[in-house]
Amino acid sequence: MPVTNEDIAKIFDQIADILEIKGDNPYRVRAYRNAARIVGGLTQDLCELVERGEDLTKIPGIGDALAKKIVEIVKTGSLRKLEELKKDIPPGLLDLLKIPGLGPKKVRALYEKLGIENLEQLKQAAQEGKIRALEGFGARTEHKILEEIDRVKKAKSESRILLSHAEKIAGHLVEYLKSGGGIREIQVAGSFRRRKETVGDLDILVISDNPALVMDNFVAYDVVDEVLMKGETRSSVVLKSGVQVDLRVVPEDSYGAALQYFTGSKAHNIAVRKIAQKEGLKINEYGVFRGEEKIAGATEEEVYAAVGLPWIPPELREDRGEIEAALEGRLPNLIELRHIRGDLHTHTNWTDGHNTVEEMALAAKSLGYEYIAITDHSKHTTIAGGLDEAKFREQIEQIRRINEKIDGIRILSGVEVDILEDGSLDLPDELLAEFDIVVAAVHYKFDLPRDRQTQRIIRAIRNPNVDILAHPTGRLIGERKPYEVDLEEIIKVAARTGTVMELNANPQRLDLTDIYCKFAKEMGVRIAISTDAHTADSLNYMRFGIGQARRGWLEPDDVINTLPLDKLLKFLHR
DNA sequence: GCCGTTTTCGGCCCGACTGTTTTCAGTCG
């Protein structure tokens, strides 16, 4: 099994954890964490780079030492250094870091003084009252450990929530806080504002003349499960849903600085502050300072301007080249929801959708769209009631009639045709040529070997009738992993065949991911942002696709459903 | 461990809150 970039990132993170517990140089620890983040965000497969003998030290954050380690991991599947470190520190000890309040120093003390090596032993020691006796620990800490330990064990896997879920939680909480009074300005920052596909916790920022009132209201919110901390300017709670929410109250003239600070990402902020440092400036959540003098802080624009940068859209703030682009004046003009003129992947009650063709069309019209493509399943997807050729011809005819009947929206007759195991399609070419648009997708045999899966999809997109490759990795966030496939290769082929890649806007799918959006753009491949709506209401998923597209640096011209109808049809050669 | 037209050595982002303390280290974001 080839080593993935994620495997390498995980190894570096583990090393960072262990070094931290050992009390190693914190800057070395940071270098490993930084490397893990960078490796995880690369589009290019490190295995391939190593195979081609590329110079890995060209990757920022990777020096000689880490480059050698990457080569070793790729060639042997493991890293001697990590194996050595594991001899010093039992692996179970790393789980202790997940308990809030326990950091590397405390974990080390528990290990050295009490011989605790894992969560189970920690629980036992706490129950026996041994922990409160340790220097630097007390009864409260011991109590807290007992409280948290089961929660951590339970949530050991994945605790991030979908952005769509976060929107609901944040929406309610913001309304509640507003109704309690004392709020002059309120905004959700963090990864939520960066429109990341999943959100770990919510960061809410408030301007208030009465911080105490806001904080009191916050901790009294009826779905608060636990108050982690409560202060004048900062409080944290865990909601019953398990989501952590941090609330910060800042003065008005610091709002921009605080918003910038708490929007992150951490990596982006560090990069910005490094620039500030070179200019002899200091940035914190209260503003930009030259010595004692505050020179910016009320707005984000001001903060960026103070360090010589234009305002950078939150979705780009990942330290993936946006700082360099900003410095050189080549930030993209990112796509916005208002640019979208239609939806190119939707379902109706002809198959597994809930609404009629007409209902879907009218819903699209009410969103201000010019067109909507109806793309029901083909017969192989039996579970969805996929249509055969005769049924599709009936549907095409129905769509023609409805188009005559209603104004202000054009319904495109389309299909989401199954890509069969050998890469052929589930419908004959003659029929495919009759549709306005053909979307092709994999719906079964997710477990083919990487090479066969890749070739399967490449064969499908080489069919000139195929316009769009839908949900190209088949993942369902939190439920189903993406299937093994060489997406980079597929995108390269798509560049030659003129095939469009779909960014599926369903909040649980959102493939292409941001990094592949950016890669596709760089390869000159166009994107369709489509909702895959199975109900009229879920046409509103478009905003999630837009968020991901913006994270992937996409501009209106990169996305085909920003085209007016006539240009779209021309693009599709129909 | 990374990085560098001010540096190949000496830097490396910054502040709030908590608990255990009597002035602060550790943790967290």
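Taking side-chain N and O atoms only, A:Tyr32 has a distance below 4.0 Å to OP1 or OP2 of B:dG1. When the side-chain nitrogen and oxygen atoms of A:Lys282 are compared with OP1 and OP2 of B:dG15, one or more of them lie within a distance under 4.0 Å.
In the set B:dG19, B:dC14, B:dG1, the nucleotide with an atom closest to the side chain of A:Thr141 is B:dG19. Residue A:Tyr27 places its side chain closer to B:dC12 than to any other of B:dC12, B:dT27, B:dC14.
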Would you list the protein and nucleotides 16-18 of chain B atom pairs, both N or O, that sit under 3.5 Å from each other?
{"from": "B:dA16", "atom 1": "OP1", "to": "A:Tyr286", "atom 2": "OH", "distance (Å)": "3.2"}
{"from": "B:dA16", "atom 1": "O3'", "to": "A:Thr233", "atom 2": "OG1", "distance (Å)": "3.2"}
{"from": "B:dC17", "atom 1": "OP1", "to": "A:Glu232", "atom 2": "N", "distance (Å)": "3.3"}
{"from": "B:dC17", "atom 1": "OP1", "to": "A:Thr233", "atom 2": "N", "distance (Å)": "3.1"}
{"from": "B:dC17", "atom 1": "OP1", "to": "A:Thr233", "atom 2": "OG1", "distance (Å)": "3.1"}
{"from": "B:dC17", "atom 1": "OP1", "to": "A:Arg234", "atom 2": "N", "distance (Å)": "3.1"}
{"from": "B:dT18", "atom 1": "OP1", "to": "A:Lys230", "atom 2": "N", "distance (Å)": "2.6"}
{"from": "B:dT18", "atom 1": "OP1", "to": "A:Lys230", "atom 2": "O", "distance (Å)": "3.4"}

Please tabulate the protein-to-nucleotide N/O contacts below 3.5 Å involving nucleotides 2-5 of chain B, giving atom names and distances.
{"from": "B:dC2", "atom 1": "OP1", "to": "A:Gly63", "atom 2": "N", "distance (Å)": "2.6"}
{"from": "B:dC2", "atom 1": "OP1", "to": "A:Gly63", "atom 2": "O", "distance (Å)": "3.3"}
{"from": "B:dC2", "atom 1": "OP1", "to": "A:Leu66", "atom 2": "N", "distance (Å)": "3.1"}
{"from": "B:dC3", "atom 1": "OP1", "to": "A:Gly61", "atom 2": "N", "distance (Å)": "2.5"}

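Not a single ring-ring contact (aromatic ring centres under 6.0 Å, His included) links A:Tyr516 to another residue, sequence neighbours left out. Residues meeting the side chain to side chain donor-acceptor pair (under 3.5 Å) test with A:Lys22, sequence neighbours left out: A:Asp88. The side-chain contact (heavy atoms from CB on, under 4.5 Å) check on A:Thr233 picks up nothing, with sequence neighbours excluded. The side-chain contact (heavy atoms from CB on, under 4.5 Å) check on A:Ser235 picks up A:Met215, A:Phe218, A:Lys230, with sequence neighbours excluded.
In this structure, A:Arg290 places its CZ atom where only 12 or fewer heavy-atom neighbours from other residues, nucleotides or ligands lie under 6.0 Å away.
A donor and an acceptor atom never sit less than 3.5 Å apart when one is taken from the side chain of A:Asn34 and the other from the base of B:dG1.
With rounding to the nearest 0.5 angstrom, the CG atom of A:Leu49 is 7.5 Å from the CG atom of A:Leu42.
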